[in-house]
Participant: 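Pasting a structure here, questions to come.
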Amino acid sequence: MTGTLTVIGLGPGDPRYWTAAASEALAAASDLVGYGPYLDRVPERAGLTRHPSDNRVEGDRARHALDLAATGRAVAVVSGGDPGVFAMAAAVFEALEEARPGWHGVGVTIEPGITAMLAAAARLGAPLGADFCALSLSDNLKPWHVVTSRLRAVLAADLVVALYNPVSRARPWQLGAALALAAEIKPAETLVAFARAVGRPDESVAVMTLPEAVDRAPYADMATLVLVGATATRRVTGADGASHLYTPRRVGRQP
């Protein structure tokens, strides 16, 4: 009997941000497949088998999940944030292109989650209120010159830019290089936010100018989401005295 495969987004880390559909899919799963720390977010229960793996083996993880589903298991592949944003949903579909005979009939469902830039934006205010884009700084799956050419284009277009995968132990310099490039294109007063581990106990959020962000780059890690504001992105003080970061919806002249 052919089973099922559901790719689930666990959001930024706090189970309160799981969707009802994600919770239902987790409750129905016989097997959990995913990066070990993400599996740790899901409570233990009887009848649930866990299959942890390293975060650098997404393709192997996807194929293993499909193999399990092909034996009749109800498999849940878990991702942090949203599984369709630089995460496991694409890896599963990349594996499906291999079209192995044993996978015939396995249905794949995606349950969305709150991706890092949305969690960070909500904590900050509304920095994504106008046009924005998301860009991964990892050069594991694409050359660095592609990263920089895309970054240069969106900075020149004055979009708000959410930078995912800013640094790792193997890639300690990319964020500094990306922010240095931003400093060549954007005004010095451009606001930048560093949002780390939003929704988790060790959360930290800071807003600064672009030159300050260049200096701060060495202190970021893979749990950090960096938002580079547009020219119009600004701070506003609420009635309670709290500071919020937002980007106005209006751009230029309106009809």
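FYI, side chains are in, hydrogens and waters are out, and symmetry mates aren't considered; it's all heavy atoms of this structure.
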Participant: Apply side chain to side chain contact (heavy atoms under 4.5 Å, CB included) to residues Asp60 and His64 and explain how you reach the verdict.
Facilitator: CA-CA 6 Å; Asp60 292 342; His64 180 50; over 6 Å; no

Participant: Using the side chain to side chain contact (heavy atoms under 4.5 Å, CB included) rule, take Val78 and Val33 through it: C-alpha gap first, then chi angles, then the decisive distance, then the call.
Facilitator: CA-CA 6 Å; Val78 297; Val33 176; over 6 Å; no

Participant: Can you check whether Arg100 reaches Arg63 side chain to side chain, under 4.5 Å on heavy atoms?
Facilitator: yes

Participant: Please test Tyr164 against Ser138 for side-chain hydrogen bond (donor to acceptor under 3.5 Å, both in side chains), starting from the C-alpha separation and ending with a verdict.
Facilitator: CA-CA 8 Å; Tyr164 280 72; Ser138 173; over 6 Å; no

Participant: Is the backbone of Ala25 close enough, under 3.5 Å, to the side chain of Thr6 for a donor and an acceptor to pair up by distance?
Facilitator: no

Participant: I'd like to check Val228 versus Thr190 (side-chain heavy atoms, cut-off strictly below 4.5 Å). Are they in contact?
Facilitator: yes

Participant: Kindly indicate whether the side chain of His51, heavy atoms from C-beta on, has any atom under 4.5 Å from the side chain of Thr49.
Facilitator: yes

Participant: Would Asp202 and Arg196 pass as an ion pair if we require N to O under 4.0 Å?
Facilitator: yes

Participant: Out of curiosity, Leu159 CG to Thr247 OG1, how far, rounded to the nearest 0.5 Å?
Facilitator: 10.5 Å

Participant: Which side-chain hydrogen bond (donor to acceptor under 3.5 Å, both in side chains) pairs, counting each pair once, include a residue from residues 141-154, with sequence neighbours left out?
Facilitator: none

Participant: Give the minimum heavy-atom separation between Ile114 and Ala119, together with the two atoms involved.
Facilitator: CG2-N, 3.8 Å

Participant: Report yes or no: does Thr19 contribute a side-chain atom to a donor-acceptor pair with the main-chain N or O of Ala22 at less than 3.5 Å?
Facilitator: yes

Participant: Within a strict 4.5 Å, meaning less than it, do heavy atoms of the Val57 and Tyr35 side chains meet?
Facilitator: no

Participant: If you take all heavy atoms of Ala188 and Pro211, which pair is closest and at what distance?
Facilitator: O-CD, 3.1 Å

Participant: Shared ILVMFWY cluster between Leu225 and Leu118, side chains joined below 4.5 angstrom?
Facilitator: yes

Participant: If you count heavy atoms of other groups shown closer than 6.0 angstrom to CG of Asn55, is the number above 12?
Facilitator: yes

Participant: Would one find more than 12 heavy atoms of other residues, nucleotides or ligands at under 6.0 Å from atom CZ of Arg56?
Facilitator: no

Participant: Would Arg216 pass as a cation-pi partner of Phe194, given that its NZ or CZ must be under 6.0 Å from the six-membered ring centre and within 45 degrees of the axis?
Facilitator: yes

Participant: Is it true that Lys186 and Asp158 have a side-chain N and a carboxylate O under 4.0 angstrom from each other?
Facilitator: yes

Participant: Hydrophobic clusters here meaning ILVMFWY residues chained together by side-chain heavy-atom distances under 4.5 Å, can you tell me if Phe86 and Val77 are in one?
Facilitator: no

Participant: Determine whether a donor-acceptor pair (N or O, by modelled atom type, separation under 3.5 Å) exists between the side chain of Arg249 and the backbone of Asp131.
Facilitator: no

Participant: If you measure from CG on Leu135 to CG on Leu163, what distance do you get to the nearest 0.5 Å?
Facilitator: 6.0 Å

Participant: Taking all atoms of both residues into account, what is the closest heavy-atom pair of Arg200 and Pro12, and its distance?
Facilitator: NE-O, 3.2 Å

Participant: Kindly check if the number of other-residue, nucleotide or ligand heavy atoms within 6.0 Å of OH (Tyr219) is above 12?
Facilitator: no

Participant: Report yes or no: do Val75 and Ile110 belong to one cluster of Ile/Leu/Val/Met/Phe/Trp/Tyr joined by side chain heavy-atom distances under 4.5 Å?
Facilitator: yes

Participant: Within the side chain of Ser79, is there an N or O that forms a donor-acceptor pair under 3.5 Å with the backbone of Met88?
Facilitator: yes

Participant: Answer with yes or no whether the hydrophobic clustering places Tyr246 together with Met117; edges join I, L, V, M, F, W, Y residues whose side-chain heavy atoms lie under 4.5 Å apart.
Facilitator: no

Participant: Would you name the heavy atoms of Ala183 and Leu210 that are closest together and state the gap between them?
Facilitator: CA-CD2, 3.5 Å

Participant: Indicate yes or no for a side-chain donor-acceptor contact from Arg171 to the backbone of Asn165 under 3.5 Å, with no hydrogens or angles considered.
Facilitator: yes

Participant: Side chain to side chain contact (heavy atoms under 4.5 Å, CB included) for Leu66 and Leu96? Distances and angles first, verdict last.
Facilitator: CA-CA 8 Å; Leu66 287 162; Leu96 274 176; 3.9 Å; yes

Participant: Please give me the minimum heavy-atom distance between Pro218 and Asp215, naming the atom from each residue.
Facilitator: CD-O, 3.2 Å

Participant: For a 4.5 angstrom cut-off between non-hydrogen side-chain atoms, does Thr224 reach Val226?
Facilitator: yes

Participant: Counting only N and O atoms by type, is there a donor-acceptor contact under 3.5 Å from the side chain of Arg234 to the main-chain atoms of Ala232?
Facilitator: yes

Participant: So which atom in Arg50 and which in Val42 form the shortest heavy-atom distance, rounded to 0.1 Å?
Facilitator: NH2-O, 2.5 Å

Participant: Within the 4.5 Å heavy-atom criterion, are Leu32 and Leu48 side-chain neighbours or not?
Facilitator: yes

Participant: With sequence neighbours left out, what residues match Gln174 under side-chain hydrogen bond (donor to acceptor under 3.5 Å, both in side chains)?
Facilitator: Asp139

Participant: Consider only side-chain heavy atoms of I, L, V, M, F, W and Y, link residues closer than 4.5 Å, and tell whether Val154 and Val160 are in one cluster.
Facilitator: no

Participant: Would you confirm whether Arg61, through its side chain, and Pro52, through its main-chain N or O, come within 3.5 Å as a donor-acceptor pair?
Facilitator: no

Participant: Determine whether a donor-acceptor pair (N or O, by modelled atom type, separation under 3.5 Å) exists between the side chain of Glu212 and the backbone of Met208.
Facilitator: no

Participant: Take Thr109 and Thr4, measure what side chain to side chain contact (heavy atoms under 4.5 Å, CB included) needs, and give me the verdict at the end.
Facilitator: CA-CA 8 Å; Thr109 303; Thr4 59; over 6 Å; no

Participant: What's the separation between atom CG in Leu68 and atom CZ in Arg73, rounded to the nearest 0.5 Å?
Facilitator: 7.5 Å

Participant: Is there a donor-acceptor contact under 3.5 Å from the side chain of Trp18 to the main chain of Ser23?
Facilitator: no

Participant: Just verifying a value: how many Å separate Leu39 CG and Glu44 CD, rounded to the nearest 0.5 Å?
Facilitator: 9.5 Å

Participant: Tell me whether Arg169 at atom CZ has more than 12 heavy atoms from other residues, nucleotides or ligands lying less than 6.0 Å away.
Facilitator: no

Participant: State the CD-OG1 distance between Glu189 and Thr209, to the nearest 0.5 angstrom.
Facilitator: 9.0 Å

Participant: Nearest 0.5 Å, what's the OG-CE distance between Ser168 and Met222?
Facilitator: 6.0 Å

